[in-house]
Amino acid sequence: MFDKVLIANRGEIALRIQRACKELGIATVAVHSTADAEAMHVRLADESVCIGPPQASDSYLNIPRLLAACEITGADAVHPGYGFLSENARFAEILEDHNITFIGPSSEHIRIMGDKIAAKETVQRLGIPVVPGSEGGVRGDLEARKVSEAIGYPVLVKAASGGGGRGMKVVHKPEDLSSSMAAARSEAKAAFGDDTVYIEKFLTRPRHIEIQVFGDGQGNAVHLGERDCSLQRRHQKVLEEAPSPALNADSRRRIGETVAKAIGDLGYRSAGTVEFLYEDGQFFFIEMNTRLQVEHPVTEMITGIDLVLEQIRVASGSQLTLTQDDVTFSGHAIECRINAENPRTFRPSPGRITYWHPPGGLGVRVDSGVYQGYSIPPYYDSLIGKLVVHGKTRNECLMRLKRALSEFVIDGIETTIPLFNELIRQPDIANGMYDIHWLEKFLSKP
Ligand code: MV4
C-alpha cells in the first residue's frame with residue numbers, strides 16, 4: 001500500500017479522496033494555487049504545496065510543478081480526481097516513468113478512450129452495442145454521402161477528439177452534409193487541433209445512461225449498475241440518479257454483464273464509466289470516461305461500495321476482491337449539483353459565503369469543499385457541493401430530497417438550490433419521464 005498520496009485536484013473531490021486515504025491510513029498531500037491557499041482541501045491535508053498562480057494552466061494543469069511537489073513531499077502515488085489532468089495519458093505516462101503510481105487506468109487505456117473513433121472500434125470489438133455510423137473517420141463528401149444514405153437521416157457529424165458536444169453538427173438532409181462537415185471540421189481543428197470527424201445516426205430523444213465499471217487490470221471486472229444523467233444543460237449535468245427510472249432489473253443485468261465482460265477482456269484497471277444513449281429499449285455506446293466522475297456518490301449510495309478506496313487498492317497492485325455477486329443494489333439515490341451560479345441564467349456567482357448550513361439526517365450526504373466565511377475564487381468551475389440523497393424507493397428519495405433542500409441555507413452567493421426546488425415539483429421529474437432535451441426545454445419556458 002502507498003505511504004503518501006498527492007491529490008492533484010481541489011474542491012470537494014480533493015476532500016473526497018483525502019477521506020478515502022485517511023481510512024486506509026495513507027498520508028495526504030494537497031496541492032494548491034495561490035487563489036486556493038485558504039481552501040478546505042489545503043486545511044485538511046497532512047501537507048500542502050503551493051504550485052503556482054490562480055490560472056489552472058500554471059498550477060493544477062502544470063505537470064512539471066506537480067512532479068516537483070511529488071519529489072519535495074516524497075509522495076508515492078497521485079490521485080487526479082476528475083477534470084484537470086485526470087484523462088491526460090501523457091501525465092499518467094510521465095508519473096509511471098518517475099516510479100510514481102497514477103491512481104487510475106493505464107496511459108494506453110486513457111489514450112484509446114480519448115480518441116472517440118478508437119474507443120468506439122475497441123468497445124464494438126468487445127461486444128458492446130454502438131450507434132450505427134461510419135467505420136472510423138470520414139474523409140471526403142462522397143464517403144459522407146454514402147454513409148449517411150446507408151444509416152438514414154438525420155445524422156450527426158462528430159469530432160474524433162471531441163467531448164462536451166463541441167464540433168457536433170446535426171444534418172437533416174443530403175444537401176446540408178457538405179457544409180456541416182466543413183463546419184464540424186473547422187470547429188474541431190480550432191478546439192482540439194484535430195479535424196478528424198465521424199458520422200453517426202442522430203438519436204432524437206434518447207436518455208443518457210452510463211454504466212459504472214471497475215476493473216483490476218488483471219482481467220477481473222464488475223459493473224455497479226447505471227446512472228441516469230439525462231438532466232443536463234449545455235452538456236453540464238445538473239441532476240443524476242440511480243437506478244434509472246427507464247430500466248428494469250433484467251435490462252440492467254444484460255447491459256451490465258456485457259459491459260463488465262468487455263472491461264475485463266480489455267484488462268482495464270480502476271473505475272470507469274461507459275456512456276450510452278438509450279432509446280426505444282436499446283443501448284448505444286457513445287463514449288467511455290476513464291476517470292472517477294462527479295456523480296460517483298450516487299452509485300456508492302445504492303451499492304455501499306467506496307469507489308475511491310477501491311481505486312487506491314487496485315492501483316497498489318491488489319486484485320479485485322469484489323465479485324459481481326457481491327454487488328447488490330439497494331434503494332434509490334439522487335444527486336443535485338450545487339453550483340455557485342444564478343439558478344436561471346447559470347451565470348457564475350463567486351464570492352464570500354456569509355452563511356453555510358448544510359442539511360443532515362438519515363440518507364443525506366453532502367460532499368463539499370467550502371465553509372462559512374470562505375470566498376469562492378472566480379478561476380475554476382462553479383461546483384461548490386453535491387447533495388446526495390438515498391431512500392428505499394424513488395418516492396422516498398424524492399421526499400427526502402425535498403426535505404434536505406429545504407434545510408440547505410447558503411448566503412452571500414447565488415446557488416442552483418432554487419432550481420432543484422422547482423425541478424422536484426415537476427410531474428415529469430416526479431414520474432421519471434425525461435430525456436436529454438427535457439431540461440433545456442423546461443428552462444426555455446417563461
Ligand atoms: C449523440 C446524440 C444523438 N445521437 N449521438 C453530446 C455530447 C457527447 N457526449 C455526445 N452527445 C450526443 N451524442 C448521437 N448519435 C446526442 C448527444 C447529446 C447529448 C448526449 C448526452 C446528454 C446530453 C446531450 C445533449 C445534447 C446532445
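Counting starts at 1 for both ligands and their atoms, following the listed order.
Ring-plane geometry between Y278 and F283 is classed as tilted, the angle between the planes lying from 30 to 60 degrees on a 0 to 90 degree scale.
Under the 3.5 Å distance criterion, the side-chain polar atoms of H390 are matched with a main-chain donor or acceptor of S330. Panel note: side chain R207, backbone M433; no donor-acceptor pair is recorded below 3.5 Å.
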Pair F192, R166 - check side chain to side chain contact (heavy atoms under 4.5 Å, CB included), show working. CA-CA 9 Å; F192 317 109; R166 277 194 295 182; 3.9 Å; yes
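The pair R234-E440 fails the salt-bridge criterion, with no side-chain N (NZ, NE, NH1 or NH2) lying under 4.0 Å from an Asp/Glu carboxylate O.
The aromatic ring centroids of Y380 and Y60 lie less than 6.0 Å from each other.
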For ligand 1, list all ligand N or O to protein N or O distances below 3.5 Å, rounded to 0.1 Å.
| residue | atom | partner | partner atom | Å |
| --- | --- | --- | --- | --- |
| ligand 1 | 4 (N) | L203 | N | 3.0 |
| ligand 1 | 5 (N) | K158 | NZ | 3.0 |
| ligand 1 | 9 (N) | E287 | OE2 | 3.0 |
| ligand 1 | 13 (N) | K158 | NZ | 3.2 |
| ligand 1 | 15 (N) | E200 | OE1 | 2.9 |
| ligand 1 | 15 (N) | K201 | O | 2.7 |

